[in-house]
Amino acid sequence: MLSLRIAARFLRRNPVQSGLIAAGIAVGIGVQVFLGSLITSLQQNLVDETVGSSPQVTVVAAAEGDPVDLTPTMWDALSRDDRVTTAVPVRRFSAIYRRKAESVPLQVVGGDLGALDTIYDISKRVVAGRARLSGDAVIVGKDFAKANGLAPGDAATLVLPDGRVAGRTVTAVADFGAAAANETLAFVPAGFAGDVLDLGDGQYTAVEMQVSDVFQSTAVADALRADPAFAGTKVTEWQSQNRDLLTALQSQSSSSYTIQAFVLIAVALGIASTLAISAVQKTRQIGILKAMGMHDSRAGRIFLWQAALLGVTGAAVGVGVGLALIVLFSRLASTFTITPQWSFVAVSFAVGVLVALLSSLIPSRRTSRLDPIEVIQSG
Amino acid sequence: MAEHLLVADGLGKTYGDVVKTTALSDVTFSVERGEFASVIGQSGSGKSTLLNLIGLLDTPTTGQVLVDGRETAALGRRGRARLRNELLGFVFQFHHLLPEFSVVENVLMPGLIAGRDARRSRVRAEEVLALLGLEGLEDKNANELSGGQKQRVAIGRALLNEPALVLADEPTGNLDTANTARVYELFRKVNAELGTGFLIVTHDRSVAQQTDRILEISDGRLVQDVRNTYAAPAP
């Protein structure tokens, strides 16, 4: 470990120069950690906002207007697929809320509260009243309730698709997280929706699902389409219906990668040039060590060790700087929280050390090729 | 019969590919263990080239260098580096100490390069420093010493691995008369007490006359190789 010892001594002899290189690496890795975690958290947040509380894969009948007959083989297929976290059969229809001369359109979803909660999270989103879906209950969005002066316990009159009129009682008002849903979405018991649509037991308008990894929705949909149990149905998923969002996310990732790559290149060039200068400064020492019998590769390793020491120190400080930036950002901009991506932090650290090592290749090679006579003769 | 410590066999060195400059041609001589010899010549005569060749720092264009009967041409850079470390000690006109290390660490360096036990090397380094009259300076930085002291530390470094031969290239070129005399006294003392051989390159005839054998180089050729019985220390 003589090379390491000499490397450490060389670094200590020029503390300002060593500090500047380590600071360069630290800034680069700090930006990496912060930017990487920011972009990933931003995307997760965006995806969560978009599809977190809505169905990601939906099965409907192939012919529009027909019901889906939910058979035991379909249930088996859905429960066998580990990627499907929840599958909820629903009965959807359109209705009109009538108040005096005004008519307001509503998208009504019929189902069991427990099952609906696994996708829409209704019970936790209630802002007034108590979540209950039985008898003549209806749960409405907060914007709809506000516009129409409705509160829990109030009566609401709905005009159904076939023209019938039904009186319901508001049991709860909820915040569904999006303006469109808060204005038009309403939930009713599964039995009532079955009566409205004239559906028998086991008949639904759709089976709505969520998957463990939202970006797996295409694969899950493909698997269901290929399954004979789902013959006569149509499977849709969120990614094919949100192309613009996906393009935006991908563009965001690409620009983030580009920035990160150029930051790393700048860091690498900085380390390489400073180490090259250091190698020139230490030519005399290297020459004399070689005259005393240090062989070429061992002399070359001195600069590899220097780079490793600078890389590890710089990258460790950089991770600290990145995490500090994340905490600071989360405190100052409270719209959403950045979660440190630990795997990304580990990769950034490794990349920092690797870039430092790669940057030392030129000075290392130069050092190992140095002929001691050049130094001794020139004094 | 014991092998010669070092044999220069028809050594020649030519520099340049297009315009060829011959620095040394057909130099043949041998050095025995414990010899106290000098190489003398004018500046530019080729004596430093000769020292680089027999010090295994450079390779000859013609001829060969044998150390302990071994041909060195076939050893490669790594093999020659090891042989330098084990058998040879170098003292240059400039002390070439490492400013990043203390006095004792500088002296220890050849032992560390050889991978010797650090504690035993440290004891040896302290002995060498004591022999050179540098006690108490062990932990000082090499830069804090006077010119004469620095050169003595460099001599200590050359002696650490108990080399068979110390090659000294104008070792007192930068020293005043008092320090010059002191260095030669030390060389003699080490030669007498440890049996270390010395080959001192100099342009100064008065320095050469203090050695037991004088090899004279002129225009890249060995022109004289004489015994100098007057220089032997008084018994």
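Within every chain, numbering begins at 1; the chains are lettered A, B, ... in the order of the sequence lines, protein sequences first and strands thereafter.
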- Task: Show your working on side chain to side chain contact (heavy atoms under 4.5 Å, CB included) between B:His96 and A:Arg284 and close with a plain yes or no.
- Result: CA-CA 8 Å; B:His96 287 308; A:Arg284 212 165 62 84; 3.3 Å; yes

- Item | Donor-acceptor pair, side chain of B:Arg78 and main chain of A:His295, under 3.5 angstrom | no

- Reported CD1-to-CZ distance for the pair A:Ile288 and B:Phe92, which is rounded to 0.5 angstrom: 4.5 Å

- Query: What residue in A:Lys282, A:Met294, A:Gln285 has the most heavy-atom pairs under 4.5 Å with chain B?
  - Reply: A:Gln285

- Task: Enumerate by number any residue of residues 311-322 of chain A whose heavy atoms lie under 4.5 Å from heavy atoms of chain B; in the absence of such residues, state 'none'.
- Result: none

- chain A contact via B:Leu97 - side chain, backbone, both or neither, heavy atoms under 4.5 Å: backbone

- Part of A:Lys290 within contact of chain B (heavy atom distance under 4.5 Å): both

- Proximity breakdown for B:Glu105 and chain A, heavy-atom pairs closer than 4.5 Å: side chain

- Message: Just to be sure I understand the criterion: a residue of residues 152-174 of chain B counts if one of its heavy atoms is under 4.5 Å from a heavy atom of chain A. Which ones qualify?
- Response: B:Arg157

- Message: If you count heavy atoms of other groups shown closer than 6.0 angstrom to CG of B:Asp219, is the number above 12?
- Response: no

- Looking at B:Glu100 and A:Arg5, does any basic side-chain N land under 4.0 Å from a carboxylate oxygen? no

- Counting a contact as any heavy-atom pair under 4.5 Å apart, which residues of residues 114-126 of chain B contact chain A? none

- Exam field: side chain A:Arg298 to backbone B:Ile113, donor-acceptor pair closer than 3.5 Å: yes

- Message: I'd like to know whether A:Leu289 forms a side chain to side chain contact (heavy atoms under 4.5 Å, CB included) with B:Leu98, so could you lay out the CA-CA distance, the side-chain angles of the two residues, the decisive distance to 0.1 Å, and finally the verdict.
- Response: CA-CA 9 Å; A:Leu289 285 165; B:Leu98 304 176; 3.9 Å; yes

- The interface call for A:Ser3 against chain B, heavy-atom contacts under 4.5 Å, is neither

- Proximity breakdown for B:Asn106 and chain A, heavy-atom pairs closer than 4.5 Å: neither

- To the nearest 0.5 angstrom, please state how far the CD1 atom of A:Ile373 sits from the CG atom of B:Leu57. 5.5 Å

- Close contacts, residues 8-26 of chain A versus chain B, judged by heavy atoms under 4.5 Å: A:Arg9, A:Phe10, A:Arg13

